[in-house]
> 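Structure provided below as structure tokens; questions to follow.
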Amino acid sequence: MSQTTINHLLEGLNDVQRAAVQDTEGPVLIHAGAGSGKTRVLTHRVAYLIQHRKVNPAEILAVTFTNKAAKEMRERILALASGAASRIWIGTFHSISARILRVEAERLGYERNFLIFDRDDQLRFIKQVLRELYISEKEYPPNSILSAISGAKSAFVGPKEYRNIAREPFEQTVAQVYVLYQKLLKESNGMDFDDLLVNPIYLFQEHPQVLEHYQTRFNYLLVDEYQDTNRTQYLFLQKLAARHKNLCVVGDDDQSIYRWRGADIQNILNIEKDYPGCKVYRLEQNYRSTKHILSVAHSVVRNNKQRLPKKLWTANAKGEKAKVLAFEDQIAESLHVVTSIKEELHDNGRNFCDFVILYRTNAQSRVLEDALRAARIPYIIVGGVRFYERKEIKDVLAYLRLICNPKDSISLKRVINFPLRGIGDTSVEKLEQFAQESGIPLLEAAGRADEVESISDRIEAQIKQFHNLIRKYACLRVELSAGELARTLVDEIGILRKFKATATEESYGRGENVGELLSAIDNFSKRHNSNDLEHFLEEVSLITDIDSWDDRSNAVTLMTLHSAKGLEFPVVYMTGLEEGLFPLSRSLNTNEELEEERRLFYVGATRAEERLYMTWAARRLRYGEYFENLPSRFLEEVDDRFVERIDFRRTYRERPYTEHPRGSTNGRRQRQEETMPAYEDFSQDAQSFYVGCEVRHPSFGLGKIVRMDGRGETAKLSVKFYDVGVKRLLVKYAKLETVG
DNA sequence: AGTTGCCAAGTTTTT
DNA sequence: CTTGGCAACT
């Protein structure tokens, strides 16, 4: 490759970036602050490896956080390097593992056409296990058990180890379920998301020659968003890098926001210990945001104790001060966001796609949507109910999955009576029992329904018909493309006609969704020039909303703060900045959780290039009830040098402090007085409680309010007592007094 | 077997 | 305000 090309690769990089690109051998850790051009470093590094170090592209493995990021990286590398770059493996941990496991599945006792089960399927399995064990779902909620199992897998704790460390009754129950859950998954020839990460490690442990193959195969490893890897992912990388140690990880401890999902911040904090001789680079120049925006982000995140000291800087302009806007309620908030967008469009000549509206929880999107729709502003919403998780979509997919994988009993149970065939729960149970006794998959049992005495002839005929239907399509699969097959199937089971016949707006939408699914499959068939239904199903199970988010369409984007990671927008609205919502009240129990919320704020703020708006509402409708809110503590952590604060609330008459009969006089109380809007009946409260307030209860002792629903004497409080834990109390009845 | 309607519960965040 | 689960209908 010519010298000019190499220079071209290094041109326009700053000194640190250039050094990080050229330092290709051995372990490298790149601390990359928000907007510091880390994607640039990664892509240039890959291109540099190929062009300058003459590395075979097929030896490079690049791991990203989302499929979308993978796609982008591939495009950018292709632009820099030759077409050979298409042979690089780029993907998420999940998609890469799936790709490896497709080849190696049989070594682990799975079939190659194993399926990937999503959360919904996982819950069905858990429920089935609970039923078998006669464990009550009330006592042990399937959701909690699932999170426990998922947590264990993220920490690479298998069923046996889990059983050994399980102490409390809940954990022991989980241990029991865990074993059977895994057994059931395997019998269905399926893996859940976590298995995709765990199984390659088992594979490497049990088959050293396989590990060796992949170690040689992937000579250069690059990992993006390293701060959000978990223990299992760490082990995966460790195994692969053990020989050559050519591991380059890029991350930012301030942007670690997936601790709740098992991400282990130690992975980044300890990498220098784990990889002796590891080179460390710090990208601290930000190219994205104005000085003011960076200062806002920094003022908040600097309050975290668990963090590597650092400060981003930028040569960009100071820009406008960020805005902190207060509103009466969530309606006023969303209306103002719309007004502000219109102003920006008009005054600054922006496009719809320049805006993003961020929020902490998906439930907050509805009001914003309403306001945008009323103003006829086009918007795209990322997240919420995912397309591939909609009922009608999952039903059609369940057919396709069953056709691909006759062992998939979960899918079978989903569709055996959809559309209605008169095969009820009791018949399915009988069939299941028969399958279990004979040790055959459920579908095969369906084919032999005549052997089950207790099933009536009429139902038996229905079951057999269903069985034949699946068999027919299993055969057709060879002749038809995935698209044709799905279309024929949907036609035969007549669900589109059914949706049409129901003629409600809802069923109409469902029909449309199924139509959309069919064209997605068609598209896939064309794009891949293959009739491989399995590949489609795999892609579908690993796809996320952010992956399909189309940033070219000209619309305002709405998404959660979590989804926003890695993206940037000229104008950012961070909404719902209220104590209890952001930071979320559930995160106030431990400092670790609070710090994660703070990092989330940091991620949100650093998405902004030019303008940052932060809004909060004094009252917000939640669970169909209005809640009183205080502004988020994060807003108070920001210095007024960087923000302008505007209160859009109608000014109520000032309420003299003394009107509160028993108002205490500590500092906290006062602060609340300043920020709390005065309401008609507020002065009648015997006492004022607020989240974070310390209280005394005659029998529970001292505690702290962690949540407050409603106000006045009908308010419901969650109080975390230092001795007895969290209790739910009604102000009216509990004899609580404030401490101060 | 399937439909309707009531009640309870719940929301973090997602690969 | 929504969703899911369950019970009591048709």
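Residue numbers begin at 1 in each chain, while the letters A, B, ... track the order of the sequences.
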> With a 4.0 Å cut-off on heavy atoms, is Asp194(A) in touch with a base, just the backbone sugar-phosphate, or nothing at all?
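Answer is nothing: Asp194(A) stays at 4.0 Å or more from every strand.
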
> Taking the minimum atom-to-atom distance to the side chain of Thr426(A), which one of dG4(C), dA1(B), dT14(B) wins?
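Looking only at heavy atoms from C-beta outward on Thr426(A), the closest nucleotide is dA1(B).
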
> Check whether any side-chain N or O of Arg586(A) sits under 4.0 Å from OP1 or OP2 of dT12(B), and answer yes or no.
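Indeed, a polar side-chain atom of Arg586(A) lies that close.
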
> Do Asp252(A) and Tyr226(A) have side-chain N/O donor and acceptor atoms under 3.5 Å apart?
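No - no donor-acceptor pair under 3.5 Å links their side chains.
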
> Tell me the partner of dT12(B), counting only Watson-Crick (N1-N3 plus N6-O4 or O6-N4) or G-U wobble (N1-O2 and O6-N3) with both under 3.5 Å; none if nothing fits.
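Pairing partner, where one exists within any strand: none, as none qualifies.
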
> What is the distance, to the nearest angstrom, from the CG atom on Leu600(A) to the C1' atom on dT14(B)?
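Rounded to whole Å, this separation is 12 Å.
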
> Please state how far atom CD1 in Ile381(A) lies from atom C1' in dT14(B), giving the value in whole angstrom units.
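So the CD1-C1' distance, Ile381(A) to dT14(B), works out to 16 Å.
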
> Between dG5(C) and dT12(B), how far apart are the two C1' atoms, rounded to whole Å?
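Looking at atom C1' only, dG5(C) and dT12(B) are 23 Å apart.
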
> Describe the nucleic acid contact of Tyr258(A) in one word from base, sugar-phosphate, nothing, applying a heavy-atom distance below 4.0 Å.
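Sugar-phosphate: the residue Tyr258(A), judged by heavy atoms under 4.0 Å, touches backbone atoms but no base.
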
> By nearest nucleotide on DNA chain B, pick out whichever of Leu584(A) and Gly424(A) is the more 5' one.
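Its nearest nucleotide being more 5', the pick is Gly424(A).
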
> What is the distance from CG of Asp224(A) to C1' of dT15(B), rounded to the nearest Å?
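It works out to 15 Å between those atoms.
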
> Choosing from dT2(C), dT15(B), dG5(C), which nucleotide comes nearest the side chain of Lys127(A)?
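Output: dG5(C).
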
> Less than 4.0 angstrom between a side-chain N/O of Asn67(A) and OP1 or OP2 of dT15(B), yes or no?
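It does not, given that no N or O in the side chain of Asn67(A) lies less than 4.0 Å from OP1 or OP2 of dT15(B).
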
> Verify the contact: side-chain N or O of Asn230(A) to OP1 or OP2 of dT15(B), cut-off strictly under 4.0 Å; return yes or no.
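Indeed not, no polar side-chain atom of Asn230(A) lies that close.
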
> Could you tell me whether the phosphate oxygens of dA1(B), OP1 or OP2, come under 4.0 Å of any side-chain nitrogen or oxygen in Ser427(A)?
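For Ser427(A), the contact criterion (side-chain N or O under 4.0 Å from OP1 or OP2 of dA1(B)) is met.
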
> Kindly point out which of dT2(C), dG2(B), dT11(B) is positioned nearest to the side chain of Ala363(A)?
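For the Ala363(A) side chain, the nearest candidate turns out to be dT11(B).
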
> Could you check whether any side-chain heavy atom of Glu328(A) comes within less than 4.5 Å of a side-chain heavy atom of Glu333(A), counting everything from C-beta outward?
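Not touching, per the 4.5 Å side-chain cut-off.
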
> What nucleic acid atoms does Leu581(A) come within less than 4.0 Å of, heavy atoms only: base, sugar-phosphate, or nothing?
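Answer is nothing: Leu581(A) stays at 4.0 Å or more from every strand.
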
> For Ser563(A), answer base if it contacts any base atom (sugar-phosphate contacts may also be present), sugar-phosphate if it contacts only those atoms, and nothing otherwise; contact means non-hydrogen atoms under 4.0 Å.
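If one applies the 4.0 Å heavy-atom cut-off, Ser563(A) turns out to touch the sugar-phosphate alone, with no base involved.
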
> For a quick check of understanding: with a heavy-atom distance under 4.0 Å over all strands, which category does Asn362(A) fall into, base, sugar-phosphate or nothing?
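Sugar-phosphate: the residue Asn362(A), judged by heavy atoms under 4.0 Å, touches backbone atoms but no base.
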
> Going by the angle between their ring planes, with limits at 30° and 60°, are Tyr258(A) and Phe65(A) parallel, tilted or perpendicular?
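Taking Phe65(A) first and then Tyr258(A), their aromatic rings sit tilted (interplane angle of 30° to 60°).
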
> Mind telling me whether Phe582(A) and Phe601(A) have parallel, tilted or perpendicular rings, with 30° and 60° as the class edges?
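Because their plane-to-plane angle lies in the 30° to 60° range, the rings of Phe601(A) and Phe582(A) count as tilted.
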
> From the options dT15(B), dC1(C), dT12(B), select the nucleotide whose nearest atom is closest to the side chain of Glu597(A).
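Of the options given, the side chain of Glu597(A) lies nearest dT12(B).
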
> So does Asn417(A) get a side-chain nitrogen or oxygen closer than 4.0 Å to the phosphate oxygens (OP1/OP2) of dG2(B)?
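Checking dG2(B) against Asn417(A), a side-chain N or O does come within under 4.0 Å of OP1 or OP2.
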
> Does Thr560(A) put a side-chain nitrogen or oxygen below 4.0 Å from OP1 or OP2 of dT14(B)?
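For Thr560(A), the contact criterion (side-chain N or O under 4.0 Å from OP1 or OP2 of dT14(B)) is met.
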
> Report yes or no: is the ring centroid of Trp260(A) under 5.5 Å from the six-membered base ring centroid of dT13(B), with the two planes under 30 degrees?
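Aromatic stack with dT13(B) present for Trp260(A).
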
> Find the distance Leu561(A):CG to dT11(B):P and express it as a whole number of Å.
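Going from CG in Leu561(A) over to P in dT11(B) covers 19 Å.
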
> Rounded to the nearest Å, what distance is computed from the CG atom of residue Leu420(A) to the P atom of nucleotide dG2(B)?
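Those two atoms, CG and P, are 5 Å apart.
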
> Does a side-chain heavy-atom distance below 4.5 Å link Val63(A) with Leu221(A)?
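A side-chain contact under 4.5 Å is absent here.
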
> What's the closest nucleotide to the Arg261(A) side chain, out of dC1(C), dG4(C), dT15(B)?
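Given the options dC1(C), dG4(C), dT15(B), the side chain of Arg261(A) is closest to dT15(B).
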
> Rounded to the Å, how far apart are Ile331(A) CD1 and dC1(C) P?
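For the pair Ile331(A) CD1 and dC1(C) P, the rounded distance is 11 Å.
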
> Measure the distance from CE on Met559(A) to P on dT14(B) and round it to the nearest whole Å.
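Distance, rounded to whole Å: 11 Å.
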
> Counting only side-chain heavy atoms from C-beta out, which of dT13(B), dT2(C), dT3(B) sits nearest to Thr361(A)?
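Among the listed nucleotides, the one closest to the side chain of Thr361(A) is dT13(B).
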
> Please report the distance, rounded to the nearest Å, between CG in Asp120(A) and P in dG5(C).
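The answer, rounded to whole Å, is 10 Å.
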
> Could you go step by step and tell me if Gln255(A) and Tyr602(A) meet the side-chain hydrogen bond (donor to acceptor under 3.5 Å, both in side chains) rule?
CA-CA 7 Å; Gln255(A) 292 188 66; Tyr602(A) 179 80; 5.6 Å; no

> Leu577(A) versus Arg360(A): any side-chain heavy-atom pair under 4.5 Å?
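Not in contact.
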
> If you pin Gly422(A) and Leu542(A) to their nearest nucleotides in DNA chain B, which one's is more 5'?
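The residue mapped nearer the 5' terminus is Gly422(A).
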
> Ile459(A) side chain: which of dG4(C), dT12(B), dA1(B) is closest?
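For the Ile459(A) side chain, the nearest candidate turns out to be dA1(B).
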
